[in-house]
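Input: a single structure, listed below in structure tokens.
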Amino acid sequence: MKRTSPSCNNLGGGAFDNAKTFTLAAYNTSLPNANTTGVPLVLGQAGAISGVSFKALSTITTFPFDDYPTIALVNGRLIPSGPHTVPTGGQLVSDGQEVTFAASNTIDPTQGAQIYCGVASTDPAGHSTGHPFLAVNGDTDSFSLCQVGSQNNIVFKPTPGSLAYNFDSCYEVKVQMIF
């Protein structure tokens with residue numbers, strides 16, 4: 001499979017930047033999980049400005065609405081979709097930031113941030129969950145769930161002192177792609 005996204009560089013032969021129709025889930029890496037998928041992630045609220053609403057990857061238990069039931073990975077871009085939703089595209093993600101999306105009739109999701117990659121979950125010790133991991137900026141290992149108001153959202157490389165989320169609430173997760 002030809003990879004077109006630079007976000008897959010250095011992730012090995014199991015890396016891919018195109019996949020259709022999947023969902024995301026947060027798999028706790030420090031405590032036992034109830035299943036092999038982890039808690040489902042949805043696009044929760046993350047604010048708005050004139051003509052644009054922002055979405056963050058939130059647990060379904062803290063944002064119990066799933067307006068975007070499917071996601072596609074297209075040339076390294078995450079493109080969520082659902083009935084009666086406006087075009088939505090992934091934004092750039094820096095260390096210490098939430099993974100966010102912008103939704104607006106003026107957005108072209110195929111021009112969103114080209115920073116995502118899927119990586120086959122393999123473990124020589126046989127502890128694989130069987131689901132690929134999501135990578136952002138070439139990294140599958142730096143996601144956490146952190147409390148942001150009443151939501152638990154995915155944050156990339158959380159940093160102490162952030163005013164955007166409660167750093168003390170953060171715990172490490174793998175973001176899994178569920179097909």
Side-chain angles (χ1 to χ4, degrees), residues 1-44 55-61 66 68-82 87-102 108-146 152-159 170-179:
M1 173 184 292
K2 182 182 174 189
R3 294 185 304 231
T4 59
S5 171
S7 63
C8 289
N9 292 348
N10 303 317
L11 289 175
F16 56 94
D17 61 0
N18 285 286
K20 293 182 180 179
T21 315
F22 59 90
T23 60
L24 296 173
Y27 189 80
N28 191 329
T29 60
S30 59
L31 294 173
N33 289 273
N35 53 46
T36 60
T37 58
V39 64
L41 296 171
V42 297
L43 269 64
K55 312 290 183 187
L57 287 178
S58 306
T59 63
I60 197 163
T61 54
D66 192 4
Y68 297 83
T70 60
I71 298 175
L73 178 64
V74 180
N75 298 327
R77 295 173 177 94
L78 281 185
I79 302 178
S81 61
T88 304
Q91 298 187 290
L92 292 173
V93 178
S94 297
D95 294 3
Q97 290 185 330
E98 295 174 69
V99 176
T100 59
F101 301 82
D108 178 359
T110 65
Q111 298 304 308
Q114 193 177 26
I115 57 173
Y116 296 97
C117 191
V119 181
S121 172
T122 58
D123 183 343
H127 302 292
S128 170
T129 64
H131 303 285
F133 296 130
L134 183 70
V136 66
N137 301 329
D139 187 348
T140 62
D141 297 323
S142 298
F143 293 108
S144 291
L145 271 175
C146 302
N152 286 338
N153 294 351
I154 294 292
V155 176
F156 183 68
K157 295 184 179 180
T159 54
C170 297
Y171 59 93
E172 294 180 358
V173 297
K174 291 277 197 177
V175 176
Q176 297 197 108
M177 301 169 71
I178 311 300
F179 290 91

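Between the side chains of Glu172 and Ser30, no donor-acceptor pair of N or O atoms lies under 3.5 Å. Ser5 and Asn75 form no side-chain donor-acceptor contact under 3.5 Å, judged by distance and modelled atom types alone.
Shown here for Leu92 and Gln97, the closest heavy-atom pair between the two residues is O-OE1, 4.0 Å. When every heavy atom of Thr140 is checked against every heavy atom of Ala135, the shortest pair comes out as CG2-CB, 3.5 Å. Contact record, Ser121 with Thr129: OG-N, 3.7 Å, taken as the closest heavy-atom pair. Contact record, Cys170 with Pro158: SG-CB, 4.0 Å, taken as the closest heavy-atom pair. Val39 and Thr59 get closest at one heavy-atom pair: CG1-CG2, 3.7 Å. Of all non-hydrogen atoms in Ile115 and Gln91, the two that sit nearest each other are CD1-O, 3.6 Å.
At a threshold of 4.5 Å between non-hydrogen side-chain atoms, the residues Pro132 and Val119 do not count as touching. Residues Leu41 and Val175 form a side-chain contact, since some pair of their non-hydrogen atoms from C-beta on lies under 4.5 Å apart. The side-chain heavy atoms of Thr88 and Ile79, taken from C-beta on, include no pair separated by under 4.5 Å. Side-chain contact between Thr100 and Val93 is absent, with no heavy-atom pair separated by less than 4.5 Å. Proximity of Tyr171 to Leu145: side-chain heavy atoms (C-beta onward) are separated by under 4.5 Å at one or more points. For the pair Lys55 and Tyr68, the minimum side-chain heavy-atom distance is below 4.5 Å. Ser7 has its side chain out of reach of Gln114: every pair of non-hydrogen atoms, C-beta onward, lies at least 4.5 Å apart. A 4.5 Å side-chain heavy-atom check between Lys157 and Asp139 finds at least one atom pair inside the cut-off.
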Next on the checklist: Pair Ile178, Phe22 - check side-chain contact (heavy atoms from CB on, under 4.5 Å), show working.
Outcome noted: CA-CA 5 Å; Ile178 311 300; Phe22 59 90; 5.8 Å; no
- Just do the side-chain contact (heavy atoms from CB on, under 4.5 Å) check on Thr70 and Thr23 with the steps written out, would you? CA-CA 6 Å; Thr70 60; Thr23 60; 5.6 Å; no
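The aromatic rings of Tyr116 and Phe101 sit parallel to each other, their planes meeting at less than 30°, with 60° as the upper class boundary.
The one candidate from Val155, Ile154, Leu134 that meets the side-chain contact (heavy atoms from CB on, under 4.5 Å) condition with Val99 is Ile154.
A donor-acceptor pair under 3.5 Å links the side-chain atoms of Asn28 to the main chain of Leu31, judged by distance alone.
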